[in-house]
Amino acid sequence: MKRVLGFALFCVALGMAVALILPNIFVTVLCILLCILIGYNLFCC
């Protein structure tokens, strides 16, 4: 189950990377990095 959640969070982060058109880029990049880190930890550990 942790692997599925990790993979889902990683995909959400990739989808948010496409959303860089948003006006506040700092918050978007912060959310992308957090989702990548949490997704990687859940998927690999």
Side-chain angles (χ1 to χ4, degrees):
M1 187 64 183
K2 283 176 32 175
R3 289 180 69 104
V4 173
L5 287 175
F7 185 69
L9 278 175
F10 190 75
C11 287
V12 166
L14 289 178
M16 289 178 67
V18 176
L20 282 176
I21 305 169
L22 294 175
N24 195 350
I25 294 180
F26 178 72
V27 174
T28 306
V29 171
L30 188 65
C31 287
I32 291 168
L33 292 175
L34 283 174
C35 285
I36 287 175
L37 287 174
I38 294 171
Y40 179 79
N41 284 331
L42 287 175
F43 187 73
C44 292
C45 297

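In what follows, every heavy atom counts, from backbone to side chain, and hydrogens, waters and symmetry copies are set aside.
Under the side chain to side chain contact (heavy atoms under 4.5 Å, CB included) criterion, Ile38 pairs with Leu9, Leu42, not counting sequence neighbours. For Tyr40, the side chain to side chain contact (heavy atoms under 4.5 Å, CB included) test picks out Cys44, with sequence neighbours left out.
Cluster membership for Phe10 and Leu5, using ILVMFWY side-chain heavy atoms within less than 4.5 angstrom, is not shared. By the criterion of side-chain heavy atoms lying less than 4.5 angstrom apart, applied directly or through intervening Ile, Leu, Val, Met, Phe, Trp or Tyr residues, Val12 is grouped together with Leu33 in one hydrophobic cluster.
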